[in-house]
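See below for the structure under consideration.
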Amino acid sequence: MTTYRISQLAERSGVPATTLRFYETAGLLPAERTTAGYRLYDDQSMERLAFISSAKLLGLPLEEIRELLAVWEQGVCAAVRARMLPLVADRIADADRRLAELSAFSTRLAGVHDQLAGPAPEGACGPDCGCVSASRPGPISGELTPARPRALLSDDEAWRESRWPARWMPPGSASGRSSGSGWPGRPPGVRRSRTGCD
């Protein structure tokens, strides 16, 4: 049986070693350990990693990928497909909802652009000039969402971005999955590795 150190697996798979460590901590990619504490992987780890990467490309969160891996380990493709089908359907619905929100926001921006391109009023800005919203002043509505969709971030990037203020998105443009806490941290059960190995 061929075994790989973490650096070798990272080189063969193209997945950074930091992400491989994160996957282990998150319960997605188990690793054997040498007596010295170094991680060891095998060919099945490569296949598992390929499955994780494919699921991430579909925009599936790590929690759902972990559930899928439990089915995938049984070695029955039909069972994996049956579990994936509703998850992909949910991603389609999310994508369609985001497209509708972006389309509405684009229409709103186009209206403001048309106002700004017209003749400026005499004197100060007002509700009809395009510089000031015609709505009543008050707290800004809208949600904080990452600057890039989380599906396009590496797991390390997604975790780092979740620790800092995200950019403001216009009302109705967020996915509606805000946790309400405002400052999400690491995924449940995930700790920073304290080992000095690999």
Side-chain angles (χ1 to χ4, degrees), residues 1-92 94-95 98 144-166 175 177-179 181-198:
M1 179 181 67
T2 306
T3 59
Y4 312 97
R5 291 280 184 93
I6 192 168
S7 58
Q8 295 170 319
L9 183 63
E11 184 178 349
R12 288 175 64 92
S13 66
V15 178
T18 53
T19 301
L20 296 176
R21 291 186 192 98
F22 177 86
Y23 285 167
E24 181 186 9
T25 307
L28 301 176
L29 187 67
E32 299 293 328
R33 295 281 182 157
T34 67
T35 54
Y38 291 99
R39 293 169 175 86
L40 283 180
Y41 301 92
D42 56 20
D43 289 328
Q44 187 176 11
S45 300
M46 285 288 294
E47 294 173 13
R48 188 181 187 94
L49 189 55
F51 183 81
I52 293 169
S53 298
S54 296
K56 278 185 58 59
L57 287 174
L58 298 176
L60 301 180
L62 295 183
E63 295 79 16
E64 291 179 355
I65 295 174
R66 189 182 299 114
E67 293 172 11
L68 276 173
L69 282 167
V71 180
W72 176 83
E73 287 172 343
Q74 299 169 14
V76 181
C77 182
V80 177
R81 289 165 63 105
R83 181 66 187 102
M84 281 185 78
L85 193 61
L87 299 178
V88 173
D90 287 346
R91 297 293 81 74
I92 292 170
D94 287 344
R98 283 182 174 271
L144 296 178
T145 60
R148 287 192 290 158
R150 294 182 69 85
L152 300 180
L153 300 175
S154 74
D155 296 305
D156 291 338
E157 288 175 326
W159 179 80
R160 277 194 298 272
E161 186 159 304
S162 72
R163 298 176 63 210
W164 304 106
S175 65
R177 291 185 172 221
S178 173
S179 65
S181 65
W183 294 98
R186 290 178 187 265
V190 175
R191 299 181 308 161
R192 181 184 297 277
S193 173
R194 297 183 181 275
T195 65
C197 301
D198 17 275

Looking at [X] and [Y], what are the two nearest heavy atoms and their distance?
{"X": "T3", "Y": "Q8", "result": "O-OE1, 4.1 Å"}
{"X": "P16", "Y": "A10", "result": "C-CB, 4.3 Å"}
{"X": "Y41", "Y": "A31", "result": "CE2-CB, 3.5 Å"}
{"X": "A17", "Y": "I6", "result": "O-CD1, 3.7 Å"}
{"X": "L49", "Y": "V15", "result": "CD2-CG2, 4.0 Å"}

Do the side chains of [Y] and [X] get nearer than 4.5 Å, heavy atoms only?
{"X": "P61", "Y": "R91", "result": "yes"}
{"X": "V80", "Y": "M84", "result": "yes"}
{"X": "L40", "Y": "R33", "result": "no"}
{"X": "W72", "Y": "I65", "result": "no"}
{"X": "M46", "Y": "F51", "result": "no"}

Measure the spacing between [atom1] of [X] and [atom2] of [Y] and express it to the nearest 0.5 Å.
{"X": "L60", "Y": "S54", "atom1": "CG", "atom2": "OG", "value": "10.5 Å"}
{"X": "L29", "Y": "T19", "atom1": "CG", "atom2": "OG1", "value": "11.0 Å"}
{"X": "L9", "Y": "D43", "atom1": "CG", "atom2": "CG", "value": "10.0 Å"}
{"X": "Q44", "Y": "T2", "atom1": "CD", "atom2": "OG1", "value": "13.5 Å"}

Is it true that a side-chain atom of R48 and a backbone atom of L28 form a donor plus acceptor pair closer than 3.5 Å?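 Side chain of R48 to backbone of L28: a pair is present.
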
Report yes or no: does S45 contribute a side-chain atom to a donor-acceptor pair with the main-chain N or O of D42 at less than 3.5 Å?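 Confirmed, S45 side chain pairs with D42 backbone.
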
Apply side-chain contact (heavy atoms from CB on, under 4.5 Å) to I52 and L68, showing your working. CA-CA 9 Å; I52 293 169; L68 276 173; over 6 Å; no

Are E32 and R39 within salt-bridge range, i.e. N to O under 4.0 Å?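 No, no charged N to carboxylate O under 4.0 Å.
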
Check this for me: does any side-chain nitrogen of one of E64 and K56 sit under 4.0 Å from a carboxylate oxygen of the other?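 Salt bridge between E64 and K56, a charged N being under 4.0 Å from a carboxylate O: no.
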
Does CD in E73 sit with more than 12 non-hydrogen atoms of other residues, nucleotides or ligands closer than 6.0 Å?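 Yes, because the 6.0 Å sphere around CD of E73 holds more than 12 heavy atoms from other groups.
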
